[in-house]
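Note that ligands are numbered from 1 as they come in the structure, with each ligand's atoms numbered from 1 the same way. Both backbone and side-chain heavy atoms feed into the values below; hydrogens, waters and symmetry mates do not.
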Amino acid sequence: MEIKQLAVNDAAPMDLLLLADPSQEMILSYLRRGICYIVKWEHETVGVYVLLETRPHTAEIVNIAVAAAHQGKGIGKTLILHAIRLAKKLGYYTLEIGTGNSSIHQLALYQKCGFRLNYIQHNYFSKHYKEKIMENGIHCVDMIRLTMELNEIS
Ligand SMILES: CC(C)(COP(=O)(O)OP(=O)(O)OC[C@H]1O[C@@H](n2cnc3c(N)ncnc32)[C@H](O)[C@@H]1OP(=O)(O)O)[C@@H](O)C(=O)NCCC(=O)NCCS
């Protein structure tokens, strides 16, 4: 498994990015401003994340995705730990990530990686997405925001 920064002339793996964010317009917008890393497995791109500066000293993992056939093998966790080390190396104080109230797997994964629950953006998904989102039998309406203070990790 090889994690590398997407080269300037390389196309981003849009099929993977769309697994985490249904808005291609949003994806193209933050790809232009953020840093994109991909993970290769036997020459195939199987994972991606995008790190974006959102405020002074603060970065956010705005997209993270692993190809369906490769999920559950630890690639997502490896990418998050990579993003944490990168954000710290780049000098950010705080790293953030957000997910839906129905995203049980993601909430478990992010907390296992050291993120703490911060606040809730009530009705975020019902306001910003036209389609009703159902996941794990739960209506996804709120965005759960998680945060990590990078000076607290070694
Ligand atoms: C979210 C995603 C990136 C995770 O990637 P992944 O490679 O499948 O995740 P991993 O295999 O690294 O799993 C990491 C951990 O989550 C844990 N986990 C998964 N489901 C869990 C659950 N229901 N309860 C508790 N822990 C769970 C795993 O046990 C593992 O922890 P461990 O290493 O301590 O055993 C991937 O599922 C994905 O691309 N999903 C679609 C896109 C998406 O939702 N992106 C995030 C948008 S917010």
Pair Tyr30, Asn63 - check side-chain hydrogen bond (donor to acceptor under 3.5 Å, both in side chains), show working.
CA-CA 9 Å; Tyr30 54 65; Asn63 192 309; 2.9 Å; yes

Got the residues with a heavy atom under 4.0 Å of ligand 1, by chain and number?
Leu19, Ala20, Ile64, Ala65, Val66, Gln71, Gly72, Lys73, Gly74, Ile75, Gly76, Lys77, Gly98, Thr99, His105, Gln106, Ala108, Leu109, Tyr110, Lys112

Can you find a heavy atom in the side chain of Leu146 that is under 4.5 Å from one in the side chain of Asn118?
no

So does Ile153 get a backbone contact from the side chain of Lys88, meaning a donor-acceptor N/O pair under 3.5 Å?
yes

Evaluate the side-chain proximity of Val39 to Thr78: yes if any heavy-atom separation is below 4.5 Å, no if none is.
no

Are side-chain heavy atoms of Tyr110 and Thr99 found at a separation under 4.5 Å?
yes

Could you label the plane-to-plane angle of the Tyr129 and Tyr124 rings as parallel, tilted or perpendicular, counting under 30° as parallel and over 60° as perpendicular?
tilted

